[in-house]
A.B. asks: 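Please read through the structure below; I'll follow up with questions.
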Amino acid sequence: MVNMIEVIENNIKNAIEKSIEKAIDGGSIQIDDIPEIIIESPREKEHGDFASNIAMVLAKKARMAPIKIAGIIKESLYLEDTYIDSVEVANPGFINFKLKNDWLYDTLRQVQDKGDDYGKVNIGNGEKVQIEFISANPTGPMHIGNARGGAIGDTLSEVLKYAGYNVEKEFYVNDAGNQIAKFGKSLEARYLQLFGIDAEVPEGGYVGEDIKEHAENFKDIYGDKYVNEDEDIRRKALTDYALEKNIKRMKSDLEKFGVHFDVWFSEKGLYDNGDIDATIKYFKDSGKTYENEDALWFKATEYGVSKDEVLVRTNGIPTYFTGDVAYHRNKFVVRKFDKVIDIWGADHYGHVPRMKASMAALGLNPDNLEIIIMQLVRLIRDGKVTRMSKRKGQSFTLADLVDEVGKDAARFFFNMRSADTHFEFDLDLAVAKSNENPVYYVQYAHARICGILRQLAEEGDFIPKIEEVDFSQLKEESEIELIKKLAYFPEEISQSAKSLDPSRITKYVLELAALFHTFYNSCRVKGVEEELKKSRMILVDSTRIVIKNCLNILGISAPEKM
RNA sequence: GUGCCCGUAGCUCAGUUGGAUAGAGCUUUUGAUUCCGAGUCAAACGGCCGCAGGUUCGAAUCCUGUCGGGCACACCA
């Protein structure tokens, strides 16, 4: 649970703050209060390891030239017992800090000491977080958009666990409501058609091949038993049968994709256990509703939403919105999650403000509901955009994707870009040129390290004990840059968790792998002087650990041989 | 019409939440292995950060406007 970067930044912040206080007391700087001190790591190496712009920020308030303020701060900086080696002032007023290499050597000690746990930070404090994603309709197979949601959701969950949250992953099964009714009617039509009965799939129903298959399989089991049954009974039998099959299929497809849910939550269950009625009653009792044309409306406009929302239709059936409000009430009120994260496709964007409004109406803090809107995936095949329509049954499914490009490549790909970017998945590229996929670049780095260590072990050279290593041997630029990157891993987890953006980890591990390859080409591990070899073995092994931790978070295998 | 996302090298995208000379990968060109895994590395080429204003010491980043692409605005989910 140590974040070296955070420790150093706080050290520098404190030193600067004390220095400024001293300057204020001494009258050399005249300001009322000290603003937040920001420490950054400069792009240019000549600018040191860390830098602060505080002098420029203070310039106006203090009515002094920034360069002069920087000089004053530098003069009374207290640097004992820190990693700071030297301080320089640069135009127009930056204060640049150069560190002793000890901070890097201590980083290696930490990586070795923590192993699988290196990178873990505690910003979550064990807070109970629920993350809900995919939640695809169980009326057909999952499509490629669901795959993106799955990869992002699953990886974000792991990031949050690393960041100290108590995470529960959930899939909301829409097994009730209008779509299911249409699903049942579509199945019924296909079933009756098998007996030569002139039945039509309803307007807006499901016309995919999978519906026909369900009907045929159903017929194989039950024959004509349901042909002359009451239609409600017939539809229910067909729906129950097909839903079970579909959900089973989704679970096994997700298993192959490496996504595992802690809870599969049934929408129907909300009707059965009274949560829906309780929610409607709560809204009614608290005066948040009115009736219009026999429908029950929620006064969403009182919460800043542009229009009111229907809770119960004229036909007496609650809307999807009502179900979702009851569902979220269940998350917060019944199951007591501190924080809830939903990952939705951009086509659900319009749903966000009314959900937030309903949380407020329930007396809950809308800020505890975080909604990640994921831009839709466009599928490119033969250089053309292919449209996906689940109802027409012609979509490229999640299962197809895993079969064609593999779990590792698919998960890596989806996590290369943040959720809010439009994403084009070029199948031809991913399939035909899968060897060029960056996932191999990272996995290769891992396998390469394992290869080196394997060979050394065969020659009797094992990873040395930390106490026996003289880290000051490590001073080549490629070594320093690599260790620096390792030092940033916990900070990367922290940033990734705070911004709810798992793609940072993918970008990080790519850069880490690149730095390793650079190191490999300029420095040797085998065949160099003993002390240097020992310290490089630690460096290489530490790199292996961090790459592996990243790949674990991403849900991607870390092969020892390729 | 209203709201949201995107616009950065020929292509795909980063850009540490306002910092110093805007970076990778692919493509093209050139080079590197008697030695730990060449699925690798090094270098070169490549830019009006969509456009126009504004905010300030400082803008790809924030604000306003504008153009282009995508998505959403149901008694659907």
Side-chain angles (χ1 to χ4, degrees), chain A residues 5 38 40-44 46-47 51-53 55-57 59-60 65-67 90-94 96 135-137 139 174 177-180 182 204 267 292-297 306-307 309-321 323-324 345-353 373-376 378 416-424 426 429 433 435-438 440-441 443-445 447-456 459 461 478 488 491-492 495 498-499 503-504 507 510-511 513-514 516-528 533 536 540 561-562:
Chain A
I5 302 302
I38 293 166
E40 55 195 19
S41 67
R43 199 170 43 237
E44 299 296 324
E46 307 89 71
H47 297 144
S52 176
N53 63 352
M56 275 107 87
V57 177
K60 196 162 203 177
I67 193 88
N91 275 321
F94 287 104
N96 296 331
S135 299
N137 264 329
T139 50
N174 302 121
N178 235 328
Q179 289 303 317
I180 292 298
K182 274 185 191 163
E267 179 182 5
N292 186 23
E293 296 178 18
D294 292 330
L296 184 71
W297 293 73
S306 56
K307 61 182 272 301
E309 294 294 329
V310 173
L311 288 172
V312 182
R313 300 184 182 91
T314 305
N315 64 12
I317 300 172
T319 58
Y320 168 83
F321 170 65
D324 219 16
D347 54 341
H348 283 64
Y349 179 76
H351 196 48
V352 175
I373 289 295
M374 196 177 62
Q375 294 301 313
L376 299 181
R378 286 202 301 170
M416 288 204 316
R417 312 204 195 321
S418 62
D420 62 5
T421 59
H422 297 275
F423 186 69
E424 288 192 353
D426 189 331
L429 195 81
K433 303 169 81 178
N435 274 11
E436 289 176 20
N437 195 305
Y440 292 99
Y441 183 80
Q443 288 179 321
Y444 181 65
R448 203 177 210 184
I449 294 171
C450 291
I452 296 170
L453 294 175
R454 198 184 308 124
Q455 282 197 29
L456 284 162
E459 294 167 14
D461 271 325
S478 65
Y488 269 91
E491 175 67 11
E492 207 60 54
Q495 294 290 342
K498 282 177 191 163
S499 57
S503 75
R504 296 185 68 113
K507 290 162 193 160
L510 269 168
E511 288 167 9
F516 168 73
H517 288 309
T518 298
F519 159 80
Y520 176 85
N521 276 275
S522 66
C523 298
R524 294 187 54 78
V525 180
K526 259 179 82 173
V528 297
K533 183 178 72 187
R536 282 187 177 160
V540 156
K561 287 181 183 173
M562 292 174 71

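Each chain gets a letter, A, B and so on, in the order its sequence line appears, and its residues count up from 1. Note that this is a predicted model, so its numbers are computed, not measured. Hydrogens, waters and symmetry mates are skipped; everything else that's a heavy atom, side chains included, is used.
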A.B. asks: What's A:Met562 touching, base or sugar-phosphate or nothing? Going by heavy atoms closer than 4.0 Å.
C.D. replies: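 Base, at least one base atom sits under 4.0 Å.
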A.B. asks: Does the side chain of A:Arg313 get closer than 4.0 angstrom to OP1 or OP2 of B:A77 through an N or O atom?
C.D. replies: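 Checking B:A77 against A:Arg313, a side-chain N or O does come within under 4.0 Å of OP1 or OP2.
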A.B. asks: Could you check B:U33 for me: syn (within 90° of 0) or anti?
C.D. replies: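 B:U33: anti glycosidic orientation.
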A.B. asks: Is there a donor and acceptor pair, one atom on the side chain of A:His422 and one on the base of B:C6, closer than 3.5 Å?
C.D. replies: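 Looking at the base of B:C6, it does not pair with any donor or acceptor on the side chain of A:His422 (distance under 3.5 Å).
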A.B. asks: Base, sugar-phosphate alone, or nothing: which one does A:Asn96 contact when heavy atoms must sit under 4.0 Å apart?
C.D. replies: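 Since a base atom lies under 4.0 Å of A:Asn96, the category is base.
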A.B. asks: Give none if B:G7 has no partner; otherwise give the nucleotide forming a Watson-Crick or G-U wobble pair with it, both distances under 3.5 Å.
C.D. replies: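 Base-paired to B:C67.
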A.B. asks: Hey, does A:Gly527 reach any base, or is it just sugar-phosphate, or nothing, if we go heavy atoms under 4.0 Å?
C.D. replies: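 A:Gly527: no heavy atom of the nucleic acid under 4.0 Å.
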A.B. asks: Reckon A:Ala346 touches a base, only the sugar-phosphate, or nothing at all at heavy-atom distances under 4.0 Å?
C.D. replies: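 Sugar-phosphate contact only - A:Ala346 comes under 4.0 Å of backbone atoms but never of a base.
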A.B. asks: Sticking with atom P, work out how far B:G65 lies from B:G19, rounded to a whole angstrom.
C.D. replies: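 Those two atoms are separated by 25 Å.
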A.B. asks: With a cut-off of under 6.0 Å to the ring centre and 45° to the axis, is A:Arg448 in cation-pi contact with A:Phe516?
C.D. replies: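 No.
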A.B. asks: Using only side-chain N and O atoms of A:Arg43, determine if any of them is under 4.0 Å from OP1 or OP2 of B:A20.
C.D. replies: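 The answer is yes; a side-chain N or O of A:Arg43 sits under 4.0 Å from OP1 or OP2.
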A.B. asks: Heavy atoms under 4.0 Å, any strand shown: does A:Ala51 hit a base, just sugar-phosphate, or nothing?
C.D. replies: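 It contacts base atoms.
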A.B. asks: Classify the side chain of A:Arg417 and the base of B:C13 as holding, or not holding, a donor-acceptor pair under 3.5 Å.
C.D. replies: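 Checked by distance alone, the answer is no.
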A.B. asks: Calculate the interatomic distance between A:Glu44 atom CD and B:U16 atom C1'; express it in whole Å.
C.D. replies: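 Whole-Å distance recorded here is 15 Å.
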A.B. asks: Looking at every strand, decide which applies to A:His47 at a 4.0 Å heavy-atom threshold: base, sugar-phosphate, or nothing.
C.D. replies: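 Contact class for A:His47: base.
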A.B. asks: A:Gln495 and A:Glu491: side-chain hydrogen bond (donor to acceptor under 3.5 Å, both in side chains), yes or no, with the steps?
C.D. replies: CA-CA 6 Å; A:Gln495 294 290 342; A:Glu491 175 67 11; 2.9 Å; yes
A.B. asks: How far does the C1' atom of B:U61 sit from the matching atom of B:U17, given to the nearest Å?
C.D. replies: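 Their C1' atoms lie roughly 8 Å apart.
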A.B. asks: For B:A72, does the base pair up with any side-chain atom of A:His348 as donor and acceptor (N or O, under 3.5 Å, distance only)?
C.D. replies: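 There is none.
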A.B. asks: Please work out if A:Ser41 contacts a base, only the sugar-phosphate, or nothing of the nucleic acid, heavy-atom cut-off 4.0 Å.
C.D. replies: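 Counting heavy atoms under 4.0 Å across all strands, the contact made by A:Ser41 includes a base.
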A.B. asks: Using a cut-off of 4.0 Å on non-hydrogen atoms, how would the nucleic acid contact of A:Ala445 be classed: base, sugar-phosphate, or nothing?
C.D. replies: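 Counting heavy atoms under 4.0 Å across all strands, no contact is made by A:Ala445.
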A.B. asks: Identify whether any heavy atom of A:Glu511 sits under 4.0 Å from a base atom; if not, whether one sits that close to sugar-phosphate; answer base, sugar-phosphate or nothing.
C.D. replies: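 Touches nothing.
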A.B. asks: Ignoring hydrogens and angles, answer whether the base of B:C6 and the side-chain atoms of A:Thr421 contain a donor-acceptor pair closer than 3.5 Å.
C.D. replies: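 Donor-acceptor pair under 3.5 Å: no.
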A.B. asks: Looking at every strand, decide which applies to A:Asp420 at a 4.0 Å heavy-atom threshold: base, sugar-phosphate, or nothing.
C.D. replies: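 Result for A:Asp420 = sugar-phosphate.
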A.B. asks: Name the nucleic acid region contacted by A:Ser306, choosing base, sugar-phosphate or nothing; use a 4.0 angstrom heavy-atom cut-off, strictly under.
C.D. replies: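 No contact at all - A:Ser306 keeps every heavy atom at 4.0 Å or more from the nucleic acid.
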